[in-house]
Amino acid sequence: MRRILGKIMKQLGFEIFEAGDGQEGIAQLEKLQDELGLVLVDWNMPVMNGYEFVQAVRSQDKYANHKLVMVTTETEPTQMAKALMAGVDEFVMKPFTSEILVEKLQLIGIKMPESQAT
Amino acid sequence: MSQSAIDQTIDETLECSRLPLEAVAQMMSDLFATMLGMHFDATPREQYHPTSTSIQATIQIEGDWKSQFRAIVSSELAHHIAGAMFGLSDNEVSKSDVFDAMGEIINVIGGNAKGYIDGDCQLSLPCVAGYVEPTQPPALVATFECAGQPIMIQLFETSN
């Protein structure tokens with residue numbers, strides 16, 4: 001999923017950084033925290049899943065302003081509520097289109113790079 | 001049950017009471033046509049007969065609905081899917097691209113299917129490999145057409 005998201009985000013004009021699982025994601029955040037404003041995270045990942053990743057990120061004040069979007073097939077209301085409580089800002093349900101992704105990003109105040117602004 | 005008896009159950013479209021075939025067709029149409037921009041025909045067609053070169057993606061659902069989903073396609077279709085997913089031409093697609101793409105396909109199918117079931121369920125990580133004959137009769141089998149080629153979905157329930 002990260003490769004699909006990466007492709008779409010690059011097409012939208014964003015600079016992207018990728019991680020293969022939640023732990024790698026935490027390491028990327030540590031390294032690049034000032035450069036990153038948005039994290040798109042899959043729920044279903046090896047090593048550390050998306051929910052655990054969100055919990056880990058939100059446990060640190062320095063990431064309070066980072067937007068976290070969960071990309072998932074999860075439709076179970078209790079699971080979604082759990083993720084929201086943990087600090088997810090928005091969900092993108094799979095399968096999705098680039099238009100849906102853009103709408104969701106705009107909903108949480110992410111500005112499109114100038115060339116793609118709608 | 002003998003292998004030939006299992007094979008016979010796979011010869012025809014088989015519906016599962018817990019997951020309507022229409023729901024499977026719709027989720028696959030959303031995935032292939034809407035997300036990947038591929039031609040997808042949601043009408044069940046004659047069953048696909050996998051070969052030794054076919055690619056099989058598998059995902060388990062654990063919890064209140066113990067089940068396993070498999071998507072089986074030809075190597076050629078797997079390459080098309082990977083190309084559509086990652087924006088590559090078929091001859092640029094690597095084996096790793098095919099495995100990533102088919103893993104994502106079965107992840108979306110399993111995840112969406114899970115949404116139809118009441119109860120607490122979790123998805124495993126997907127597994128992609130060559131085709132392996134099933135060792136039990138499926139609860140659901142259907143073959144659809146994607147980019148002019150068959151894609152077979154099998155669902156196995158291990159308990160209720």
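Letters A, B, ... mirror the listed sequences (proteins, then strands); counts begin at 1.
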Any chance you could measure [X], atom [atom1], to [Y], atom [atom2], to the nearest 0.5 Å?
X	Y	atom1	atom2	result
B:L123	A:W43	CG	CH2	11.0 Å
B:D120	A:T78	CG	OG1	6.5 Å
A:F96	B:L31	CZ	CG	10.5 Å
B:S96	A:R3	OG	CZ	6.0 Å

Within-4.5 Å side-chain heavy-atom neighbours: [X] and [Y]:
X	Y	result
B:M35	A:T97	no
A:E74	B:K114	yes
A:P95	B:N112	yes

Inset, instruction - Give, as side chain, backbone, both or neither, the part of A:M93 having an atom under 4.5 angstrom from any heavy atom of chain B. - result: neither
Would [X] end up clustered with [Y] when hydrophobic side chains under 4.5 Å apart are linked, directly or stepwise?
X	Y	value
B:M28	B:I61	yes
A:L38	A:L12	yes
A:I16	A:I26	no
A:F17	A:M45	yes
A:M70	A:I110	no

Proximal component of [X], with respect to chain A [non-hydrogen, under 4.5 Å]:
X	result
B:A84	backbone
B:D100	side chain
B:I109	neither

Inset, instruction - Name the member of A:I8, A:I4, A:T72, A:T73 that forms the most heavy-atom pairs with chain B at distances under 4.5 Å. - result: A:T73
Inset, instruction - For A:N44 and B:S124, indicate whether the former's side chain and the latter's backbone hold a donor-acceptor pair under 3.5 Å. - result: yes
Legend entry - Backbone of B:E104 reached by a side-chain donor or acceptor of A:K94 within 3.5 Å: no
Legend entry - Neighbour count above 12 (heavy atom, 6.0 Å) for A:K31 NZ: no
